[in-house]
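Structure record follows, encoded as structure tokens.
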Amino acid sequence: MYIYDSVKKTKLLFEPIHANKASIYVCGPTVYDDAHLGHARSSLAFDLLSRTLKAHGFQVTLAKNFTDIDDKIIKKVEATGQSMQEITSFYIERYTQEMSALGIQRADIEPKATESLEAIEAMIQNLIDKDIAYVISTGDVYFDTSKDNAYGNISHRVADDEDSQSRVEHTSEKRNPKDFALWKTCKGEDDICFDTAFSRGRPGWHIECSAMIEKHFSGDEHYSIDIHGGGADLLFPHHENEAAQSRCATGHELSKYWMHNGFVQIDGEKMSKSLGNSFFLKDALALYDGEVLRYYLNSVHYRNDFNFSEEELQLSKKRLDKLYRLKKRVSPGKASIPNKNFKKSLLDAMGDDLNISISLSLIDELIASTNDALDANPKDKGLKKETLANITFIDELLGFGGKEPFSYFQIGVDEALKKQIETLISERTKAKQNKNFERSDAIRDELGALGISIMDSAEGTLWEKA
RNA sequence: GGAGCCAUCGCCAAGUUGGUAAGGCCGUAGAUUGCAAAUCUGCUAUUCACCAGUUCGAGUCUGGUUGGCUCCUCCA
């Protein structure tokens, strides 16, 4: 299993801290608004990673956090009058549902900042005790970047004189321009505040992840976890700062490998809330099936930027349809075991830094060759069972193809329409038997007007929703 | 201004250690079909933004040019 390490900038053999185990921590969302396609892509990328590692025999522990303490959440509290709890639990719930619609397996650990305050305080106190962090007159706590001689190793950003931590409010009390806040003091009564030894306030963004990782993973004397993941935009400053805090607090590196996913773009520009070009997942899921969206968003290698277009999404659907048509051909039945060569090829492809393109082409080839064999010998039971097993394996590894194939083609068709379709088809069959082709073609047109396409097969007339 | 990523057929998109360009969509010819659809088969980049270099040999390495994107502010 090879993965690309975005800090070392090279593909590396995955050699975990503990044999046959893989600990992964992915930066999750700040829960103050709906998730967009970018969040989906990140989740999807690491879902694929987790599935692939499992398929390669690793025992995976995946953690994905929810940042539920943040300035933006506080702003929303002020704007809506709802409590922080109400807001965060609402968006956590929605996020979870949407990710589940995309076939994303839930993380084994889903830590929240609000549930990790003790760990956060302990880590900050640890850094203060070592004089790596310092408290200023307001009660804010800063991380002294000059105390960490490895600072910059993650993002490879050369030290500069500019204040690169502007997320932190400017203060003359900072020791170095690059120092960043670990803890922010409450400003008003309404702020979300927690008591600590150093001041009443709330944690900074970066420290949350570091503390949660220490809380949930033990690692070894060199690293806390195997893989740390997130969007490419988190490399700096977020991951740089996380790494620095953890390094100074624990005496070892935070993560053995770092992986970053590329962006979803709209018209060639990064999708982001500040640009106002977000395509929210809830809207996308209202228009498209979650499985199709999954296939589409995963069809480009996770490290590349992904330019979203609806036409391309339709093409993905066509490709997925072919898999389900084959599944229809071999259903119903009992799965045997997957074809050895196919399984190995697919594992090899995914084991090469999640080469999804090769994987999808292997599946297309499997579909073509199986259809071909089935054309020659439609009653090949052994092949049918093996094909079913192959598709089950695809579903396990890549997360699509798991639906019942007939219902897949009937998404959005209600019982009444279904009945109507079946009536029309049986009428058409009779017309065809009587060689009344004018009538049968008219019925086909009628079905087409309903958005239904039909195909005559040896097993009778099958239909699909377009 | 500083740092980095990317540029492959009409469209999407693979291509680690340099060795002579996967796959999908579209198009097209055929098999099959009452006709379609579905399915299968054949064809479809002497060429990888451009220029120069290293090499027996480069999409793959080096330097430069052009174009696009990202980070340096919240961001997946």
Side-chain angles (χ1 to χ4, degrees), chain A residues 2 4 6 9-13 26-30 32-33 35-46 64 70-72 152 155-158 160-168 205 229-238 240 260-265 268-275 278 296 299-301 303-307 309 311-316 318-319 321-322 325-326 328-329 349 352-353 355-365 367-376 432 435-438 440-441 444-445 448 453-458 461-464:
Chain A
Y2 286 83
Y4 182 87
S6 40
K9 293 179 190 279
T10 181
K11 219 183 265 187
L12 297 169
L13 178 66
V26 183
C27 288
T30 301
Y32 72 103
D33 203 354
H36 59 222
L37 259 24
H39 295 102
R41 177 139 139 102
S42 183
S43 269
L44 244 11
F46 291 100
K64 184 160 69 176
D70 183 88
D71 289 359
K72 292 187 291 292
S155 60
H156 306 295
R157 228 162 266 270
V158 197
D160 51 39
D161 304 330
E162 285 170 72
D163 184 347
S164 56
Q165 304 288 353
S166 302
R167 180 168 187 171
V168 177
W205 178 35
D233 49 353
L234 297 182
L235 193 54
F236 188 86
H238 186 52
E240 186 72 64
H260 291 91
N261 64 276
F263 299 125
V264 175
Q265 305 188 324
E269 269 191 324
K270 176 184 171 182
M271 179 186 297
S272 76
K273 283 169 190 165
S274 49
L275 286 172
S278 295
Y296 177 52
S299 67
V300 175
H301 187 82
R303 267 190 284 129
N304 289 153
D305 284 340
F306 184 104
N307 202 287
S309 91
E311 297 92 286
E312 289 299 321
L313 190 147
Q314 293 303 333
L315 298 187
S316 278
K318 279 192 176 178
R319 224 170 156 180
D321 285 351
K322 289 175 94 166
R325 281 196 197 104
L326 175 63
K328 217 153 61 161
R329 265 189 107 169
D352 182 17
D353 193 38
N355 193 326
I356 191 69
S357 268
I358 297 289
S359 302
L360 295 182
S361 74
L362 287 168
I363 292 170
D364 286 329
E365 279 163 22
I367 293 169
S369 64
T370 309
N371 271 321
D372 198 22
L374 250 23
D375 283 349
K432 266 179 43 164
K435 302 243 188 287
N436 184 354
F437 295 123
E438 204 174 312
S440 71
D441 289 350
R444 185 162 63 200
D445 291 343
S453 53
I454 56 172
M455 40 223 68
D456 294 327
S457 76
T461 301
L462 302 174
W463 61 271
E464 294 178 2

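We name chains A, B, ... by the order of the sequence lines, and we start the count at 1 in each one. Note that the coordinates shown come from a computational prediction; the quantities given were computed from them, not determined experimentally.
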Can Arg329(A) and Thr370(A) be said to form a side-chain contact (heavy atoms from CB on, under 4.5 Å), step by step? CA-CA 10 Å; Arg329(A) 265 189 107 169; Thr370(A) 309; over 6 Å; no
Name the residue closer to the 5' end of RNA chain B, choosing between Tyr4(A) and His39(A) according to the nucleotide with the nearest heavy atom. Tyr4(A)
Taking [atom1] from [X] and [atom2] from [N], how many angstroms apart are they, rounded to a whole number?
X: Phe263(A); N: A76(B); atom1: CZ; atom2: P; result: 10 Å
X: Phe306(A); N: U70(B); atom1: CZ; atom2: P; result: 16 Å
X: Tyr296(A); N: C11(B); atom1: OH; atom2: P; result: 15 Å
X: Lys64(A); N: A76(B); atom1: NZ; atom2: C1'; result: 10 Å
X: Leu234(A); N: C75(B); atom1: CG; atom2: C1'; result: 7 Å
X: Lys273(A); N: A76(B); atom1: NZ; atom2: C1'; result: 9 Å
X: Trp205(A); N: U73(B); atom1: CH2; atom2: P; result: 12 Å
X: Leu374(A); N: U39(B); atom1: CG; atom2: C1'; result: 10 Å

salt_bridge(Lys72(A), Asp33(A)) N-O dist < 4.0 Å: no
Answer yes or no: is there an ion pair linking Asp364(A) with Arg319(A), defined by an N-O contact shorter than 4.0 Å? yes
Select base, sugar-phosphate, or nothing to describe what [X] touches, counting heavy atoms under 4.0 Å on all strands.
X: Ala368(A); result: sugar-phosphate
X: Val26(A); result: nothing
X: Tyr2(A); result: nothing
X: Gly229(A); result: nothing
X: His36(A); result: base
X: Gly268(A); result: sugar-phosphate
X: Asp305(A); result: sugar-phosphate

Using the P atom in both, what is the distance from C12(B) to U17(B), to the nearest Å? 25 Å
Please report the distance separating the C1' of C71(B) from the corresponding atom of C75(B), rounded so that it comes out in whole Å. 11 Å
Phosphate-side-chain proximity, Asn261(A) and A76(B), N/O vs OP1/OP2 below 4.0 Å: no
What residues form a ring-ring contact (aromatic ring centres under 6.0 Å, His included) with Phe306(A), not counting sequence neighbours? Tyr296(A)
Asp352(A) and Lys11(A): CA distance, side-chain angles, deciding distance, salt bridge (Lys or Arg N to Asp or Glu O under 4.0 Å) verdict: CA-CA 9 Å; Asp352(A) 182 17; Lys11(A) 219 183 265 187; 2.8 Å; yes
Which nucleotide, in any strand shown, forms a Watson-Crick or G-U wobble pair with U55(B), with both distances under 3.5 Å? none
Need the pair for G27(B). Rule: Watson-Crick or G-U wobble, both distances under 3.5 Å, any strand; none if unpaired. C43(B)
Any luck finding a side-chain donor-acceptor pair between Ser43(A) and Lys64(A) under 3.5 Å? yes
Asp70(A)-Thr30(A) side chain donor-acceptor pair, cut-off 3.5 Å: no
I need a per-nucleotide contact map over nucleotides 22-38 of chain B, read 5' to 3'. Cutoff is protein heavy atoms under 4.0 Å; write B for the base, S for backbone only, - otherwise. BSSSS-------BBBBS
Closest approach to the side chain of Asp375(A), judged atom by atom: which nucleotide of C72(B), C69(B), U39(B) is it? U39(B)
Give the minimum heavy-atom separation between Ala45(A) and Asn261(A), together with the two atoms involved. CB-CB, 4.2 Å
